[in-house]
Each structure stands twice: as C-alpha cells, then as structure tokens.
Amino acid sequence: MKDSPVLIDTDVHNQIGSLLPYLPKAWHERYQTVKVPYGAQYYSSVGTNRKDAVPDKGGVPGSDPQFLISDHMDRYGIDYAILTGSGVLGLSLDPDPDYGNVLAAACNDGMIDTWLNVSSRFRGSIFVNASDPIEAAAEIRRHASNPSMVQVLMASAARMPYGQRFYHPIYDAANECGLPVAIHPGTEGKGISGAPTPSGYPTRYMEWHNILPINYMTHVNSLVCEGVFEKFPKLKFVAIEGGISWLPHLMWRMDKNYKALRESTPWLKRFPSEYIKDHIKLTTQPVEEPNNPEYLLQILHMIEAEKTVMFSSDYPHWDNDNPKMAFPRMPKDMKQRILAGTAAELYGLHTRPARKDDIANDLADQIARKSKQSPEHAWGEDE
C-alpha cells in the first residue's frame, strides 16, 4: 500500500533526562546519589555514542527529540522510531525491588512527557522491573491504553531464564494487552543478574560484547521449553541487539533434542523451531557481516527472515547501522518485510505518520524505489 511505512527503526536510544520530577519525594535523595544503578562495567575505548550525534544545542547524543528526527529519521526516511531509552535498564537489577519499581514508573512518565508528546513518529517502550513481575504487570496495564506505547521492555540480564514461571505475570499482562515483550543487552553480569557467561566474567569489553548472544539463546530456549507460547498464544518476544546468526543452530539443536526428550516438555505441541518462527523477532543491529555476503543471506532464509527479522539502527551508538548499507543482496519482498513490514504488523503501525513537509517522504520513497548501495559498502542490488 502506498501509505504503508517503508522504514521503521526498532531500536533508537533516547535520553529521558532527569527522573526526579517523576519520582515520589521519598526517593529523591537516593536517586540524586545513585541515579539508575549498574551502568558500564567493562571499559570501551570507543565509548558508547557516536561523536557526531551531539545535538546542535548541546547535551548528550539522543537527548534532543528534534535533533534526533533531523539527524537520523529524516536523513534516512525513517517513518517511526521505537524508543528504547538509554542507561536505564539497570533498574531491574537493583537488590531493592521497590526502587526498581519507582524508577520504571518514572522512566515511563518521562518518556511520554519528553518524547511521545513531541512527535507522532516516536513510539515508546514500557519499562518494567522484571525482578518484581506483579508490579511489572501493573505497570504494563497502567500504560496499555496509550497507543504510543507499543511494547514492554526488560533488560536481557536477569537472575534466571525468562521462560520460568516467576516471570509469567509479565507475559500474562502483555498477552492480555496485545503488547510484545522485548529485551535489550548491556547489563549482563551486573547487579543481581548472573555472570555474563556460564564460566564467569570476561576480562574486557570486547570479550563481553562478543558473547552476548549466548544470553539470548538462553532466554529463547527457556521461553519455548517452559511452554510460554502455549500458555500465552498471542505473545510475541523481541530479542533486540542480540545478533542473528545463532538462531539456526539453536533451532536445529532444539528440534533434534525434542525428538528424543519431548516427554520432559509434554506441553509442547509443535517442534521448538515452529514456536520460534511464530513468536520470536530479532532486530538487525548488530548484524553479522561475513566476508561472503551470501552466507548471511543463507542464514536469513534459514530463519524465515521475512517474518522474524526487523531493521534496527541502534542510533546513536558507535556501531549503529545505516539502513542503506546494512544488508546483503536479497529478495525485494524479504527486504521490505525487514525494513518495515514485520514491525508495522507487530506494533500496529499500518500508515505513515503525518509530516510537516515532504522531505522525509521523498527520502523514504527513494529507499523504497532504489536498492543500490553506496560504493563503500555495496553488497549488490536486490533480486
């Protein structure tokens, strides 16, 4: 359809700013002292954000809604940005669940006031404190009627795998409200979560960053084997920024073992890979880039990427992806689904937002019509 979105970015990191105006006074002193706990643990020489993403008016990257629109969304013709916050997911990892709960509520109120009320092109994530599922469910229901809040967001770091029944109140609320649940990395090994690998703690940021997909494998494996998608049949689960190439291996291994061990999961009525393809969504950034682009295309076919993968940029982080350069040659239908189709269905974004001018529309139309990549990163024209 002509008016359908052509590009949706499913992972844009915005700064919500000070949460103090949204916190009860009883928590002001603590917040002023520790803010949101459990930030960076591993040192990265490149930092977190792009150096050229500082707003014209000053401030940190991702802190100015209008600059984010012009610097990122208008530049690439992005119809909608799914906002995932910045530096706040540690709220689930504080030993004090009450503090985590008030931080989550403050993040959501701040998101609405300072971002969602600014532009209809922004869509928000409902932050929840996953370490207190009952209160998390209440927070989901508090915002479920707001059409600008389109998913539930939790840290991928956790005390236990996300399929376990401890977390089921969260999925019950999300399933009831028709909202997907998403996880995002960055806090593995911090706070009350476990070590980032089964063997303990890596030494450096690069090691830690390389191995993040194993945590995603853990959660997807748990969600399927614990029967979450049988219990909550409408639930969708989004694995943001966890990579892609690990999924075929996991599906094949799970299917193989299911044939011999299905008596241990009698509630499963289908092969694990079928649940994964119907309920799990991945985002592209950081997409793996093999020397031979055909290898990645083969993986995309293996996981039926036209219904499991959504574009994300990770703006304004140092390794964010340009939508014009992020993909190998692929069938046009698959590319359209990755760039917008699947996200439009998942988040209910079926029409393009109103614009004050036609600049962004023209850019978006160019992306829809042209598939040729820039010379520096060209992987070939679409089929």
Side-chain angles (χ1 to χ4, degrees), residues 92 128 130-134 136-137 140 151-152 154-183 185 188-189 192-200 211-240 242-283 298-309 342 346:
S92 283
V128 297
S131 66
D132 189 346
I134 300 298
I140 293 168
Q151 72 180 358
V152 177
M154 312 187 295
S156 55
R159 286 188 295 172
M160 62 190 83
Y162 273 138
Q164 295 189 14
R165 63 194 67 179
F166 172 79
Y167 298 108
H168 288 196
I170 296 174
Y171 308 140
D172 184 38
N175 189 66
E176 169 194 316
C177 299
L179 294 169
V181 174
I183 57 173
E188 278 75 2
I192 59 174
S193 70
T197 83
S199 298
I211 211 69
L212 288 174
I214 64 173
N215 194 39
Y216 281 66
M217 295 174 72
T218 297
H219 291 314
V220 171
N221 182 47
S222 176
L223 288 160
V224 173
C225 292
E226 296 277 354
V228 168
F229 302 122
E230 279 293 335
K231 187 174 181 179
F232 307 106
K234 295 187 299 181
L235 182 68
K236 307 296 183 184
F237 194 89
V238 186
I240 300 173
I244 290 172
S245 61
W246 51 269
L247 190 57
H249 157 78
L250 181 62
M251 290 195 302
W252 297 338
R253 188 173 181 86
M254 292 175 71
D255 282 357
K256 175 187 74 71
N257 289 333
Y258 176 69
K259 294 173 184 178
L261 303 173
R262 67 178 69 190
E263 65 178 14
S264 65
T265 55
W267 40 83
L268 297 185
K269 300 175 182 178
R270 298 186 290 161
F271 279 101
S273 63
E274 296 178 45
Y275 290 103
I276 289 173
K277 290 176 183 178
D278 285 348
H279 294 273
I280 302 295
K281 310 295 181 187
L282 308 178
T283 65
Q298 291 172 17
I299 289 173
L300 293 175
H301 282 299
M302 292 172 190
I303 62 174
E304 298 181 21
E306 61 274 10
K307 69 176 185 178
T308 61
V309 177
T342 298
L346 183 69

Student: Could you measure the distance from the CD atom of Glu263 to the CG atom of Leu268? Nearest 0.5 Å is fine.
Tutor: 13.0 Å

Student: Going by side-chain contact (heavy atoms from CB on, under 4.5 Å), Leu247 matches just one of Val309, Leu282, Ile299. Which one?
Tutor: Leu282

Student: Please report the shortest heavy-atom distance between Pro213 and Trp246, naming the atom on each side.
Tutor: CB-CD1, 3.6 Å

Student: Atom CG in Asn257, atom NZ in Lys259: separation rounded to 0.5 Å?
Tutor: 10.0 Å

Student: Would Leu346 and Val238 count as a side-chain contact (heavy atoms from CB on, under 4.5 Å) if you check the C-alpha gap in whole Å, the side-chain angles of each, and the deciding distance to 0.1 Å?
Tutor: CA-CA 10 Å; Leu346 183 69; Val238 186; 3.7 Å; yes

Student: Looking only at heavy atoms, what is the nearest atom pair of Val152 and Ala174, with distance?
Tutor: CG2-CB, 4.4 Å

Student: Looking only at heavy atoms, which two atoms of Ala137 and Pro169 are closest? And how far apart?
Tutor: CB-O, 3.5 Å

Student: Between Ser156 and Glu188, does any side-chain donor sit less than 3.5 Å from a side-chain acceptor?
Tutor: yes

Student: Is there side-chain contact between Val228 and Phe237, with at least one heavy-atom pair below 4.5 Å?
Tutor: no

Student: Nearest 0.5 angstrom please: Lys231 NZ to Leu223 CG, how far?
Tutor: 12.5 Å

Student: Rounded to the nearest 0.5 Å, what separates atom NE2 in His301 from atom CD in Glu306?
Tutor: 8.0 Å

Student: Walk me through it: do Gln151 and Ile240 pass the test side-chain contact (heavy atoms from CB on, under 4.5 Å)?
Tutor: CA-CA 12 Å; Gln151 72 180 358; Ile240 300 173; 4.1 Å; yes

Student: Within the side chain of Thr265, is there an N or O that forms a donor-acceptor pair under 3.5 Å with the backbone of Glu226?
Tutor: no

Student: Determine the interplanar angle of the Tyr275 and Phe229 rings, folded into 0 to 90°, and report it as parallel if under 30°, tilted if 30 to 60°, perpendicular if over 60°.
Tutor: parallel

Student: Are the side chains of Ile276 and Met254 in contact, using a 4.5 Å heavy-atom criterion?
Tutor: yes

Student: Do you know which two heavy atoms are closest between Ile192 and Ser131, and how far apart they sit?
Tutor: CD1-CB, 4.2 Å

Student: Please tell me if the side chains of Pro185 and Asn215 come closer than 4.5 Å, counting only heavy atoms from C-beta onward.
Tutor: no

Student: Answer yes or no: are there more than 12 heavy-atom neighbours, outside Arg262 itself, under 6.0 Å from its atom CZ?
Tutor: yes

Student: Listed by chain and number, what are the ring-ring contact (aromatic ring centres under 6.0 Å, His included) partners of Tyr162, not counting sequence neighbours?
Tutor: Tyr167, His219

Student: Evaluate the side-chain proximity of Met217 to His249: yes if any heavy-atom separation is below 4.5 Å, no if none is.
Tutor: yes

Student: Strictly distance-based, threshold 3.5 Å: is any side-chain N or O of Ser273 a donor or acceptor partner for the main-chain N or O of Met251?
Tutor: no

Student: If you round to the nearest 0.5 Å, how far is CG of Leu300 from OG of Ser245?
Tutor: 10.0 Å

Student: How far apart are the closest heavy atoms of Ala130 and Ile170, and which atoms are they?
Tutor: CA-CD1, 4.0 Å

Student: If you count heavy atoms of other groups shown closer than 6.0 angstrom to CZ of Arg165, is the number above 12?
Tutor: no

Student: Output yes when a side-chain donor or acceptor of Lys307 lies under 3.5 Å from a complementary backbone atom of Lys281, and no otherwise.
Tutor: no

Student: For the residue pair Pro198 and Ile214, establish whether any side-chain heavy-atom pair is separated by less than 4.5 Å.
Tutor: yes

Student: To the closest 0.5 Å, what do you measure between NZ (Lys269) and CD (Glu230)?
Tutor: 5.0 Å

Student: Would you say the side chain of Thr308 lies within less than 4.5 Å of the side chain of Ile280, judging by non-hydrogen atoms?
Tutor: no

Student: Closest approach of Pro196 and Ile211, non-hydrogen atoms and distance?
Tutor: O-CG2, 4.4 Å

Student: Does the His168 side chain pair with the main chain of Gly163, one donor and one acceptor, at a distance under 3.5 Å?
Tutor: yes

